[in-house]
Amino acid sequence: MRRVVAFLYKAVRGRELGDSPTSVLMSLLSGYGKMAFRGLLRSRRYSQSAQPHFVGARVIIQNPKWLSTGKNVVISSDTKIDSYSANGIRIGDRVTIGSFSSLLATTVVREPGTGISIGSDSAIGIRNTLWGQGGLIIGKNCLLGPDVVIITENHSFASLSEPIMTQLGSRDAVVIEDDCWLGAGVKVLAGVTIGTGAVVGAGAVVTKSIPPYSIAVGVPAKIVGTRK
């Protein structure tokens, strides 16, 4: 049984399972079976979905016809996805989205957003909030820790006679290139590009673009080193 579960896990996730107790393996197998069944039922409404595809409990997917998922995608429990936007939401192969996350491509229906794209083998941590109004591109093999927030739209506040919430905002895309690591609680503001292989320390607020292979920390984030 262990070898069967290990084989299935590697086929789904693309990596070795490791030495875990049999009871844990059985629980894992049961959980993935239920998620695969939910994924099969839901994916019929997507614009495109490769199978298998795993969906946890209490997942909310709004406007699924704008959602595209690759093979072996895992959408964990209590996640909300609203795909309605110009480019929709595209999720690559073997992407994992952690529990209690939100992927929102549009916030106001009369002003459709650009959309969100997540490259293959990337992991979105629990309680992440990803906004796609101005466009969000996350590359391959990226790791986002828990509680990461990425913002692609800002409100204007120039007028004192009009409420801030009704003033026209600005939208700017965020690009996170391949093989980046964003630590727990990182905030990324609109218009930022985080270069290939960069690392952003926990709790940082990224207000300006970060060059490839840089290490950045702080509020606002500043470059303190390089991986090269």
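Numbering of residues begins at 1 and proceeds along the displayed sequence.
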Between S122 and G139 the two heavy atoms that sit nearest each other are OG-O, 2.7 Å
*asked:* side chain to side chain donor-acceptor pair (under 3.5 Å), that's the test. Do S99 and S77 meet it? Break it down for me.
replied: CA-CA 5 Å; S99 299; S77 59; 3.3 Å; yes
Looking only at heavy atoms, the pair that brings N87 and R90 closest together is O-NH1, 3.1 Å
d(T129 OG1, K80 NZ) to nearest 0.5 Å is 11.0 Å
Checking I97, D82, N128, I150 against L103 for side chain to side chain contact (heavy atoms under 4.5 Å, CB included), the one that qualifies is I97
**Prompt:** So, T79 side chain and G98 main chain: donor-acceptor pair closer than 3.5 Å or not?
**Reply:** yes
To the nearest 0.5 Å, atom CG of N154 lies from atom OG of S170 at 5.0 Å
Checking V188, V174, V199 against I194 for side chain to side chain contact (heavy atoms under 4.5 Å, CB included), the one that qualifies is V188
request  = Indicate if L104 and I61 have the same hydrophobic cluster label, given that clusters are the connected sets of ILVMFWY residues with side-chain heavy-atom separations under 4.5 angstrom.
outcome  = no
Heavy-atom nearest pair, S83 first then A105, reads O-CB, 3.9 Å
message: Let's go through I215 and R227 carefully: what are the C-alpha distance in whole Å and the side-chain angles of both, what is the deciding distance for side chain to side chain contact (heavy atoms under 4.5 Å, CB included) to 0.1 Å, and is it a yes or a no?
response: CA-CA 7 Å; I215 301 170; R227 294 179 59 205; 4.1 Å; yes
Say whether, by atom type as modelled, one donor and one acceptor occur between the side chain of K208 and the main chain of V206 under 3.5 angstrom. no
Output for pair (Q133 CD, I151 CD1), nearest 0.5 Å, gives 9.0 Å
- prompt: Is any side-chain heavy atom of F100 closer than 4.5 Å to a side-chain heavy atom of I126?
  reply: no
| field | Side chains of T107 and E153 in contact at under 4.5 Å (non-hydrogen atoms) | value | yes
Under a 3.5 Å distance rule, please check whether S76 uses its side chain to pair with a backbone N or O of T96 as donor and acceptor.
no
V192 with L130, same ILVMFWY side-chain cluster at under 4.5 Å:
yes
Heavy-atom distance under 4.5 Å between the side chains of R42 and L67, does that happen here?
no
Closest non-hydrogen atoms of D179 and C142, given as atom of the first, atom of the second and distance, are N-SG, 3.7 Å
- Message: If hydrophobic clusters are built by linking Ile, Leu, Val, Met, Phe, Trp and Tyr wherever their side-chain heavy atoms come under 4.5 Å apart, do V55 and V95 end up in the same one?
- Response: yes
Output for pair (I116 CD1, T106 OG1), nearest 0.5 Å, gives 9.0 Å
Could you check if a side-chain atom of D178 sits within less than 4.5 angstrom of a side-chain atom of K140, using non-hydrogen atoms only?
yes
T114 side chain vs G132 backbone, donor-acceptor pair below 3.5 Å:
no
To the nearest 0.5 Å, atom OG1 of T152 lies from atom CD1 of I137 at 11.0 Å
Per side chain to side chain contact (heavy atoms under 4.5 Å, CB included), T193 is matched among S209, P211, P212 by S209
- Item | Beyond-backbone contact of I89 with W66, side-chain heavy atoms, under 4.5 angstrom | no
- Task: Assess whether atom CD of Q62 is packed by more than 12 heavy atoms of other residues, nucleotides or ligands within 6.0 Å.
- Result: yes
Distance col, row Q48:CD vs I91:CD1, nearest 0.5 angstrom, shows 12.0 Å
Here the pair of heavy atoms bringing S101 nearest to R127 is OG-N, 3.4 Å
| Are D93 and K71 within salt-bridge range, i.e. N to O under 4.0 Å? | no
Closest non-hydrogen contact found for T69 with S49 is OG1-OG, 3.0 Å
With side chains defined as the heavy atoms from C-beta onward, is the minimum distance between I138 and L144 less than 4.5 Å?
yes
**Prompt:** Looking only at atom types and distance, does a side-chain atom of T226 sit under 3.5 Å from a main-chain N or O of S214, one as donor and one as acceptor?
**Reply:** no
Notebook entry, point to check: Quick one: are I75 and H53 in side-chain contact, heavy atoms under 4.5 Å?
Noted result: yes
